[in-house]
Structures are given as structure tokens and as C-alpha cells.
Amino acid sequence: MKRTWYVLVLFSMLAGLGFAGTTQDIASADGAELRIQDIAGRNTYLMSDGSMWSLIDGRHAIRTPGTVAAISGYEYGGIGMTQEGRLVEWDIGKGPQVVPGTSGVKQIAGYYWLKSDGTVWAGDEKTKNLSGILLIANADQEFAALSSNGELLLQDNYKKGQFKKLGIVENPAAVKSMTVHSGRVALLHDDGDVVVYETSNFDDNGRIIPVTVAQNAVHIVYASNEPTDLLIVTLQDGTVWTTGEYKDRWKLKEQITGLSGIVKTSIYGNAKDLTEGFYAQRGDGSWVHHKDGQNKNIDVPVVKSLSVAISDATPYVGESLEVSIQETYTNGAKIKVPVKGAGIDIEKPYLLSMQKNGTLKSAGVGKTQITVTSGGQSKSVTVSSSLRNNLKYAKQVNGNVMVPAKSVIQALGGTYSAKSGSVEARFGQTVLSFKAGSNQAKLNESTIRLKAAPMNDKGELLIPASVLSDALGAKTTWDAKWKQAHISLGTDAAMTVVSSETAGLIKKAMQGNLVKYIGRTYWVNEFEDLERFSKLTVTDILPDDKGEFNVIFKSVSGKTVKSYPMRSSEVTQLFADRSSLLTYDPYKKYKWSASIWKQIKAGQVSLGMTKEQVQLSWGNPAAKDITSGGGKTIETWGYSNFNIVSFVNGKAILIMM
């Protein structure tokens with residue numbers, strides 16, 4: 001039986017700012033099909049589940065979970081508002097983020113935002129001279145506002161915070177939306193009427209004349225289109241129209257061909273320029289990009305491929321594995337998915353276990369497949385685990401390889417339980433039952449005959465390794481050279497069970513010619529900070545798992561001394577180097593006085609010392625020089641520390657330190 005973990009990822013940082021969710025984009029949280037709710041620019045979408053797509057650097061798309069209700073801006077930057085009334089902003093190099101300390105956001109337009117208290121803000125700055133505002137509009141550096149008392153205000157581009165009153169709107173609460181461009185403000189009323197206020201259209205008394213340019217409209221937006229500006233109007237019948245050039249700016253002049261069933265439009269770019277076309281949403285929620293009479297469908301970004309990587313596909317049992325998951329979307333986005341945000345299916349969960357921190361832990365020797373599901377795509381990888389350290393107590397009996405039941409079963413990820421003389425081993429849903437002395441065993445519901453009966457040997461219950469082939473498909477071979485068993489499952493999952501003879505065989509093989517030094521006696525010269533000229537006997541030379549050796553000595557007092565690890569050649573060099581170890585007892589070879597021996601052991605030299613005494617105290621010189629004169633021969637020794645000793649007739653006559 002396979003075990004599957006499905007855990008929704010919690011984006012803690014975003015959750016604290018009003019964002020939470022997963023990277024799944026097949027359906028929204030309520031199970032409805034995910035759709036694009038609004039478009040601010042290329043690959044910059046508000047989705048029906050409140051998440052957003054944006055371009056972090058103008059090229060790479062990212063998807064941010066959240067509860068965004070509206071967006072305004074373009075692909076390189078903009079603002080939005082959440083369902084909770086908090087402000088959201090995005091920019092180049094920064095994905096959508098909730099602005100701390102904001103609340104009560106009622107409407108957004110361009111880079112302005114309206115609070116429910118009727119105040120208007122741009123960023124964190126409150127717009128002066130505005131209060132009691134019901135509706136705002138912002139485009140191409142122009143800003144307009146409609147107050148609760150019906151005042152329609154247009155900001156002076158040259159005097160920020162100064163507003164010109166375009167007129168009084170009857171029943172301002174019935175205005176559905178508004179759009180502004182180049183001294184013109186268009187209002188869309190609930191009844192579908194579109195009324196335009198233009199600063200250059202006034203009567204003899206200087207009062208601006210409102211003009212109804214369309215009826216039965218559901219959406220309006222201004223756009224730049226040389227030599228004049230156009231008002232794009234979407235009608236209730238799903239057709240899209242534009243006003244004409246200057247003389248025809250008060251009426252719908254031209255229907256945009258190729259568009260039908262449209263409910264709203266979105267102009268490409270912050271400048272509202274039609275040269276790049278515009279976006280249009282159909283009544284069924286789908287979108288197209290319309291340019292030069294041609295429509296290109298804007299599809300909901302979905303995962304088209306999934307890549308999964310494991311930090312180590314051939315780990316040792318007990319090691320933790322990092323799982324990296326990346327979704328590639330149809331819009332080119334590459335998004336990393338937390339493990340807890342994907343579905344993880346482990347073929348053999350007794351071999352791998354999921355940890356709370358999202359890592360996988362190798363629990364047994366064997367090969368298993370991991371299938372990751374995310375964004376409607378699945379990808380499988382294989383992990384083969386081996387045992388780092390060898391198990392003990394294998395042996396060959398009458399041609400059958402026998403291995404210790406408990407340790408081997410547990411190393412293979414199984415559980416071991418013994419009761420009333422019988423043993424039960426479980427590997428997931430595979431159950432193996434057997435007992436000592438019986439050739440009969442049970443594998444799940446079937447009875448099988450073992451090649452050899454399990455046996456008790458020195459406190460260990462041994463089973464024939466062949467039963468592991470029946471239960472798990474394992475392959476077992478016996479290494480006659482080292483007298484050990486190899487158990488493998490596939491090419492990369494394996495463990496070794498050694499016999500009582502294995503260690504001795506390996507040790508003997510690794511020691512090679514070093515064996516000849518065992519039992520020999522040496523006297524310390526300069527070695528391991530031991531007392532000079534103390535006696536040591538080599539009792540063993542032990543190899544380690546790195547192929548190096550430790551020489552084991554025993555002192556006269558019976559104390560064991562272990563050398564530092566060294567290569568085989570270094571061991572040979574140690575025993576040949578008289579500056580480290582002597583092959584003779586210096587006290588017996590040289591019958592010197594106690595004071596001389598005291599100086600030598602302290603590494604001192606004095607006038608009158610012989611060359612043998614100086615050499616034993618200071619070691620071999622780095623250089624020698626012999627000069628003759630006046631009937632005398634002077635031999636000078638120089639050391640690497642610049643000490644100098646000169647001898648005449650074998651006695652030290654000069655010492656320079």
C-alpha cells in the first residue's frame with residue numbers, strides 16, 4: 001500500500017501580509033475553474049482565486065498567492081487591493097506585496113488609491129484638498145475624482161493638489177466607473193449611459209457641457225491614438241466601439257471588428273497607447289489580445305512540465321535528502337514548489353520516510369520510486385539506499401549463505417518481531433514468517449520452502465539469505481576471499497554482512513609486509529612526545545577505514561601507546577628513521593655519565609662532548625665542513641636553526657647558538 005502526503009504549503013511571510021495559498025493553478029480554492037480576472041500588461045494577471053502573475057524583472061514571470069481583488073498599472077509596476085481592503089504594490093525586481101499599515105482601501109486607479117473614509121492617497125502621501133470622494137480615475141498623469149456631493153474634479157497637472165470643478169453630477173452614487181485622459185473625464189452610469197466632460201467644451205458662461213456619447217454600455221476606457229484620443233466603449237450586446245476623431249469625438253464612430261461577446265477591455269501599457277493593441281474579456285471569462293484586427297487568445301498559465309531533483313539518489317541509510325521541485329508554466333515561468341506544497345507518493349515507504357521539515361530520510365537498504373505531483377503534472381525519480389557500515393555474523397553452512405535475521409531485516413527497512421518461537425518480518429505490505437529449525441516459511445498468504453532452516457548460532461538467529469530473494473527480490477553473493485555476504489537490490493542499493501573471519505583476513509591483507517615489525521622492540525629518540533630512550537614493543541599495526549595504519553606499542557610498564565595514522569610507506573620509514581626510534585638500547589651501548597645523559601635527554605650540548613653525544617642530543621646536522629690548519633683538523637656541524645658546533649679530535653671546542 002502506498003502512502004501519500006498531501007500538505008498545503010503555508011507561505012508564512014505572505015500570510016502575515018494577507019497572502020496565503022499554494023502554487024497550484026488548476027482550480028481555485030472553492031473548486032471552480034481558475035480564470036484570468038483582469039490584465040494589467042504582458043504576463044501580469046489577476047486570477048479569479050486572488051493570486052497574481054507579475055514580471056519581477058520585465059522578463060521572468062512569478063505567481064504570488066493571495067487575496068487580491070483588483071489591480072491597476074502595467075507589467076513593470078502597479079498597485080492592487082486585497083479583498084480585506086489592504087494595498088498591494090509590485091515593481092521591477094519585486095513581486096506583489098501587501099503594503100504594511102494600509103487598510104480600508106476602497107478603489108485603486110493608476111497609482112492613486114481611495115480609502116473608505118473618502119480620502120485619496122498616492123503611495124503613503126495623502127492628496128491635499130480632497131475629501132468625501134466616491135470614485136477616482138487616473139491615466140497618463142491625469143487624475144479625476146467624483147465626490148459624494150456630485151462635484152467632478154480634475155487635477156491641474158501643473159499644480160498638484162489644485163482641482164478644477166468640471167461640473168455637478170446628479171446622483172453620483174449611480175456612477176459605475178470613470179476614466180480620464182487629456183482633459184476629458186468619461187462617466188459610466190448604472191443605466192449604461194456614458195457622459196463625457198471635456199475642459200475645452202464649455203458654453204458662453206464658461207460652464208463645461210456634459211455630452212452623452214453612448215448608451216447601453218458596460219465598460220469604458222480612454223486610450224491614446226494619434227492624432228486624437230479615443231474612448232473605447234463596450235456595449236451590453238458584447239460589441240466594442242470607439243469614438244471618432246475630433247469632430248466625431250462625441251459619438252461612437254467605429255466598431256472594432258473581430259470582437260464579440262466582450263464585457264470589458266484593458267489597454268496595454270501605462271500610457272494607454274493603442275499601438276500595442278489591447279486586451280478584451282469575453283462573457284465566458286476568457287481573454288484575447290487584439291491588435292491590427294487580429295485576436296490572440298490569452299490562456300490561463302498552467303504547468304506544462306515538472307522537474308524533480310533529489311540531493312542524493314544513492315544515499316546511505318539514515319541520511320536526509322533534499323527534494324527540489326520546479327514547475328515550468330505555459331507562460332515561461334519557472335517556479336520552485338515547497339515539498340509541502342506538492343503531492344509526494346513513495347512506492348515503498350518503509351525505505352523512505354517524510355520528515356516534518358520537508359526532507360526525506362533513508363530508512364532501509366533498497367530501491368524505491370518517488371512520484372511528485374504538482375500543478376497537474378507528475379514526475380518520478382528513483383532512490384537507491386545502501387548501508388554505510390557492515391553488519392556482522394554471516395556464515396556459509398553447507399553451501400547456504402546464512403545471515404543474522406534481526407539486523408538484516410531492520411537494515412532492509414523492515415520490522416522484526418519474535419513471539420512464541422516464531423519471527424514475523426514486515427516490509428510494508430509484505431509479511432514474512434519463519435521459525436528456527438523449520439524449512440517451512442510463510443510469505444504473505446503463501447507457504448514457501450526455505451533452502452535451509454533458520455538456526456540459532458551463538459545467540460543469533462540466522463536465516464538463509466535466499467529467502468530475501470523470495471520476499472524482496474534481493475540478490476545475495478558470497479565472497480570467498482573475504483568470507484562475507486553481499487546483499488543487493490538493483491545496481492546501487494547494497495549492504496555487506498561480514499563473518500567472524502572477515503576482519504582478520506582484511507587486516508592481514510592490508511598489513512602486508514608490515515607484519516614483520518610486530519613483536520620488535522625499539523627505544524624512543526623523538527616520537528609522540530614520549531620519554532626519550534624509553535623502551536617500546538610493537539604489539540600490532542591496525543589498518544583503518546581510510547587505508548592508513550596505527551602502530552600499537554606497549555611500554556615497559558604495560559601501557560599501550562597508539563601512534564598517529566600513517567600510510568604504509570610512512571610506517572616503514574618510521575622504523576628506519578633513527579631520529580624517531582632506535583633499534584638499540586642507548587644506555588647499554590654508551591656507558592656515559594649520568595650528567596651527560598641528563599643533557600642529552602634535555603636536548604643540550606656542552607664543550608667536551610663527543611660527536612656521538614652531540615648527534616644524539618641535537619640529531620644529524622644539516623651540513624658539515626672540515627678545515628685543516630696549524631696542524632689541527634677542525635670539523636664543523638651546522639644545523640637548520642643556525643646552531644653551530646666545532647670539533648677538534650672528536651671533542652666539541654666551540655658552540656654557537
Side-chain angles (χ1 to χ4, degrees), residues 6-11 13-14 19-68 71 73-78 80 88 90-97 266 268 276-277 279-282 284-289 295-309 323-345 358 370-381:
Y6 288 103
V7 187
L8 290 179
V9 64
L10 176 63
F11 290 84
M13 179 180 73
L14 293 175
F19 285 87
T22 71
T23 57
Q24 305 296 323
D25 63 359
I26 300 303
S28 59
D30 59 4
E33 183 180 359
L34 192 64
R35 294 187 178 277
I36 299 173
Q37 183 172 312
D38 203 358
I39 298 180
R42 181 172 60 91
N43 280 338
T44 308
Y45 311 142
L46 170 61
M47 308 305 294
S48 56
D49 65 350
S51 64
M52 266 199 69
W53 282 101
S54 60
L55 299 178
I56 57 173
D57 56 3
R59 295 181 296 114
H60 297 95
I62 63 168
R63 184 170 188 269
T64 306
T67 58
V68 181
I71 58 174
Y74 68 130
E75 62 197 59
Y76 298 110
V88 175
W90 73 91
D91 206 340
I92 290 289
K94 181 176 68 175
Q97 297 180 10
S266 176
Y268 186 94
E276 294 295 332
Y279 298 100
Q281 185 183 30
R282 301 187 182 101
D284 62 3
S286 62
W287 286 79
V288 296
H289 180 243
N295 293 327
K296 181 181 179 181
N297 289 333
I298 305 297
D299 297 322
V300 173
V302 294
V303 180
K304 69 175 182 179
S305 63
L306 190 69
S307 61
V308 178
V323 183
S324 299
I325 307 169
Q326 180 175 275
E327 297 171 335
T328 299
Y329 285 77
T330 50
N331 62 351
K334 296 181 182 296
I335 296 180
K336 291 185 176 180
V337 180
V339 173
K340 293 182 180 179
I344 306 293
D345 184 285
I370 303 169
T371 301
V372 177
T373 302
S374 183
Q377 301 288 329
S378 294
K379 183 77 172 181
S380 296
V381 293

Open item on the list: Please determine whether ring pair (Phe, Tyr, Trp, His ring centres under 6.0 Å) holds for the pair Tyr329 and Trp53, giving the CA-CA distance in whole Å, both sets of side-chain angles, and the decisive distance to 0.1 Å.
Closed with: CA-CA 11 Å; Tyr329 285 77; Trp53 282 101; 4.9 Å; yes

Task: Gap separating the OH atom of Tyr76 from the CD1 atom of Ile56, nearest 0.5 angstrom - done: 13.5 Å

TODO: Identify the two heavy atoms, one from Gly58 and one from Ile92, that lie closest to each other, and give their separation to 0.1 Å.
DONE: N-CD1, 3.7 Å

Open item on the list: Donor-acceptor check, side chain of Gln377 to backbone of Leu306, threshold 3.5 angstrom: yes or no?
Closed with: no

Task: side chain to side chain contact (heavy atoms under 4.5 Å, CB included) partner of Met52, the single match among Asp38, Leu46, Ile62 - done: Leu46

- [ ] Salt-bridge test for Arg282 and Asp284: reply yes if a basic N is under 4.0 Å from a carboxylate O, no otherwise.
- [x] no

Open item on the list: Please determine whether side chain to side chain donor-acceptor pair (under 3.5 Å) holds for the pair Ser54 and Thr44, giving the CA-CA distance in whole Å, both sets of side-chain angles, and the decisive distance to 0.1 Å.
Closed with: CA-CA 4 Å; Ser54 60; Thr44 308; over 6 Å; no

Open item on the list: Any non-hydrogen side-chain atom of Met47 less than 4.5 Å from a side-chain atom of Val300?
Closed with: yes

- [ ] Measure the NZ-OG distance between Lys379 and Ser374 for me, rounded to the nearest 0.5 Å.
- [x] 14.0 Å

- [ ] Kindly compute the distance separating NE2 (His289) from CD (Glu276), expressed to the nearest 0.5 Å.
- [x] 7.0 Å

Open item on the list: Does any part of the side chain of Ile344, heavy atoms only, come nearer than 4.5 Å to the side chain of Val339, both counted from C-beta?
Closed with: yes

TODO: Calculate, to the nearest 0.5 Å, the distance between atoms OG and CD1 belonging to Ser266 and Ile36 respectively.
DONE: 11.0 Å

TODO: Kindly give the heavy-atom pair with the smallest separation between Val303 and Gly375, and that separation in Å.
DONE: CB-O, 3.4 Å

Task: Side chain to side chain, Lys336 and Ile325, heavy atoms closer than 4.5 Å - done: no

Task: Contact check, side chains of Ile39 and Ile298, non-hydrogen atoms, under 4.5 Å - done: yes

Open item on the list: Using modelled atom types and a 3.5 Å cut-off, is there a donor and acceptor pairing between side-chain atoms of Glu75 and backbone atoms of Arg42?
Closed with: yes

Task: Nearest non-hydrogen partners of Trp90 and Ala40, listed with the distance - done: CZ2-CB, 4.2 Å

Open item on the list: Has Thr330 got a side-chain atom pairing as donor or acceptor with Val302's backbone, closer than 3.5 angstrom?
Closed with: yes

Task: Smallest separation among heavy atoms of Arg63 and Pro65, with atom names - done: O-CD, 3.7 Å

Open item on the list: Donor-acceptor pair, distance only, cut-off 3.5 Å: does the side chain of Asp49 make one with the backbone of Ser51?
Closed with: yes

Task: Heavy-atom donor-acceptor pair, His60 side chain to Lys334 backbone, under 3.5 Å - done: no

Open item on the list: Is there a side-chain contact between Lys296 and Tyr279 in this structure, where contact means two heavy atoms from C-beta onward sitting under 4.5 Å apart?
Closed with: no

